[in-house]
J.: 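Before I ask anything, here is the structure I am working with.
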Amino acid sequence: MITEKEIIDFIETEYWKSNLQSNSDIFKTVRISGDDCYELIEKFSKKYNVDISNYLWYFHHEEEGSWSSFGSFLYKTPDKLVKRIPITPKMLAKFVETKNWEINYPIHNLPEKRKDLILNQILVVTILVLALIGIIINITQ
């Protein structure tokens, strides 16, 4: 049987000593976000053979670079559309026992298209087109 202490040791080995307790919100306490959160869950899954196929990241942490996304200033990202659910060492120890990610997520609806990402793509294409026009104008002068 895997103990909560073993889970805490695993997390602190992967990242750093962080005063994690049994009921600590792992991502908040360890102060990781985005891809680091998902990578930790993936490593946990592989190490302890836990099926995480129903893991929904947006209930637990923001996505990588969300703070720098222009589109996210105007449109909510998936993690801002649902109520956050903390993950604790106690929960992870239970998942090791059952070998499954056992969180019953609330019923929720995410938009089919991510307007924040579409806006980011439009912005990048616009900047590239303007840069290309600037280069063409400089070459032809």
Side-chain angles (χ1 to χ4, degrees), residues 1-140:
M1 182 171 159
I2 302 296
T3 66
E4 294 163 27
K5 172 74 170 111
E6 289 175 78
I7 298 294
I8 290 169
D9 290 343
F10 161 72
I11 293 166
E12 290 183 341
T13 299
E14 290 297 320
Y15 289 91
W16 42 78
K17 192 98 173 108
S18 54
N19 198 28
L20 271 173
Q21 303 296 316
S22 180
N23 287 313
S24 296
D25 178 337
I26 292 169
F27 302 141
K28 186 176 180 181
T29 304
V30 178
R31 295 185 179 164
I32 59 174
S33 62
D35 290 347
D36 289 337
C37 297
Y38 187 76
E39 288 168 9
L40 176 62
I41 297 303
E42 265 189 328
K43 288 176 183 178
F44 162 79
S45 169
K46 287 178 184 166
K47 180 173 177 74
Y48 297 106
N49 195 28
V50 174
D51 177 11
I52 60 167
S53 58
N54 66 341
Y55 174 76
L56 300 177
W57 67 268
Y58 48 87
F59 275 97
H60 308 293
H61 58 83
E62 65 280 351
E63 69 188 323
E64 189 74 17
S66 61
W67 61 271
S68 63
S69 165
F70 182 74
S72 68
F73 289 116
L74 300 175
Y75 299 103
K76 289 183 178 180
T77 56
D79 57 293
K80 302 291 187 247
L81 295 171
V82 297
K83 184 176 183 209
R84 189 168 181 282
I85 300 172
I87 298 172
T88 67
K90 185 180 213 171
M91 292 166 69
L92 294 182
K94 179 182 175 247
F95 299 161
V96 171
E97 284 182 34
T98 63
K99 300 295 181 198
N100 285 304
W101 188 265
E102 294 188 343
I103 293 182
N104 293 320
Y105 293 104
I107 295 172
H108 61 286
N109 291 313
L110 295 180
E112 287 185 32
K113 295 184 180 182
R114 297 263 316 261
K115 292 180 181 178
D116 62 309
L117 295 180
I118 293 169
L119 185 58
N120 289 343
Q121 292 167 345
I122 290 169
L123 183 63
V124 168
V125 169
T126 301
I127 290 170
L128 291 175
V129 168
L130 291 174
L132 185 59
I133 290 169
I135 291 170
I136 291 170
I137 289 172
N138 280 336
I139 290 174
T140 58

J.: For residues P89 and S24, report the shortest heavy-atom separation together with the two atoms involved.
T.: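 For P89 versus S24, the nearest heavy atoms are CD-O, 3.3 Å.
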
J.: For the atom pair CG (D35) and CD (E62), what is the distance rounded to the nearest 0.5 Å?
T.: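 The distance works out to 10.5 Å.
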
J.: Identify the heavy atoms of N19 and E12 that sit nearest to each other, and give their distance.
T.: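 Closest pair (atom of N19, atom of E12, distance): N-OE2, 3.4 Å.
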
J.: Strictly distance-based, threshold 3.5 Å: is any side-chain N or O of S45 a donor or acceptor partner for the main-chain N or O of D51?
T.: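 Pair absent, no side-chain N/O of S45 close to backbone of D51.
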
J.: Under the side-chain contact (heavy atoms from CB on, under 4.5 Å) rule, what do L132 and I136 come out as? Steps first, then yes or no, please.
T.: CA-CA 6 Å; L132 185 59; I136 291 170; 4.1 Å; yes

J.: Over all heavy atoms of both residues, which pair between I41 and I87 is shortest? Give the atoms and the distance, please.
T.: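 Taking every non-hydrogen atom into account, CD1-CD1, 4.2 Å.
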
J.: Can T98 and N100 be counted as having a side-chain donor-acceptor contact under 3.5 angstrom?
T.: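 Judged by distance alone, the side chains do not pair up.
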
J.: Evaluate the criterion side-chain contact (heavy atoms from CB on, under 4.5 Å) for residue pair W16 and I32; output intermediate values, then yes/no.
T.: CA-CA 10 Å; W16 42 78; I32 59 174; 4.0 Å; yes

J.: State the CD-CG distance between E6 and L92, to the nearest 0.5 angstrom.
T.: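 Spacing of CD (E6) from CG (L92) equals 13.0 Å.
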
J.: Once rounded to the nearest 0.5 Å, what's the spacing between atom CD1 of I7 and atom OG1 of T88?
T.: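 With rounding to 0.5 Å, CD1 (I7) is 10.0 Å from OG1 (T88).
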
J.: Any donor and acceptor pair, going by atom type alone, linking the side chain of T29 with main-chain N or O of I26 inside 3.5 Å?
T.: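 Here the side-chain-to-backbone pair does not exist.
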
J.: Quick one: does Y105's side chain have a donor or acceptor within less than 3.5 Å of a partner on L56's backbone?
T.: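 Side chain of Y105 to backbone of L56, a donor-acceptor pair under 3.5 Å: yes, one is there.
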
J.: Applying side-chain contact (heavy atoms from CB on, under 4.5 Å), run through L40 and E14 and close with a yes or a no.
T.: CA-CA 8 Å; L40 176 62; E14 290 297 320; 4.3 Å; yes

J.: Using the rule given for side-chain contact (heavy atoms from CB on, under 4.5 Å), can you reason through F10 versus K43, listing the C-alpha separation, both sets of side-chain angles and the distance that settles it, and then say yes or no?
T.: CA-CA 10 Å; F10 161 72; K43 288 176 183 178; 4.0 Å; yes

J.: Would you say the ring centers of F44 and F95 fall short of 6.0 Å from each other?
T.: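 No, ring centres 6.0 Å or more apart.
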
J.: Tell me if the NZ atom of K99 is crowded by more than 12 foreign heavy atoms within 6.0 Å.
T.: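 Yes - once you tally the heavy atoms of other residues, nucleotides and ligands closer than 6.0 Å, there are more than 12.
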
J.: When rounded to the nearest 0.5 angstrom, what is the spacing between CD1 in I52 and CH2 in W57?
T.: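 Going from CD1 on I52 over to CH2 on W57, the span is 14.5 Å.
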
J.: If you round to the nearest 0.5 Å, how far is CD1 of I103 from CZ of F59?
T.: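 One finds 9.5 Å between CZ of F59 and CD1 of I103.
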
J.: If the condition is ring-ring contact (aromatic ring centres under 6.0 Å, His included), which residues does F27 pass it with, not counting sequence neighbours?
T.: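 F27 satisfies ring-ring contact (aromatic ring centres under 6.0 Å, His included) with H61 only.
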
J.: What pairs with Y55 under ring-ring contact (aromatic ring centres under 6.0 Å, His included), at least two apart in sequence or on another chain?
T.: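 With sequence neighbours excluded, Y55 shows a ring-ring contact (aromatic ring centres under 6.0 Å, His included) to Y38, H60, W101, given in chain and number order.
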
J.: Rounded to the nearest 0.5 Å, how far does CG of L20 lie from CD of E4?
T.: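 Here the interatomic distance stands at 11.5 Å.
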
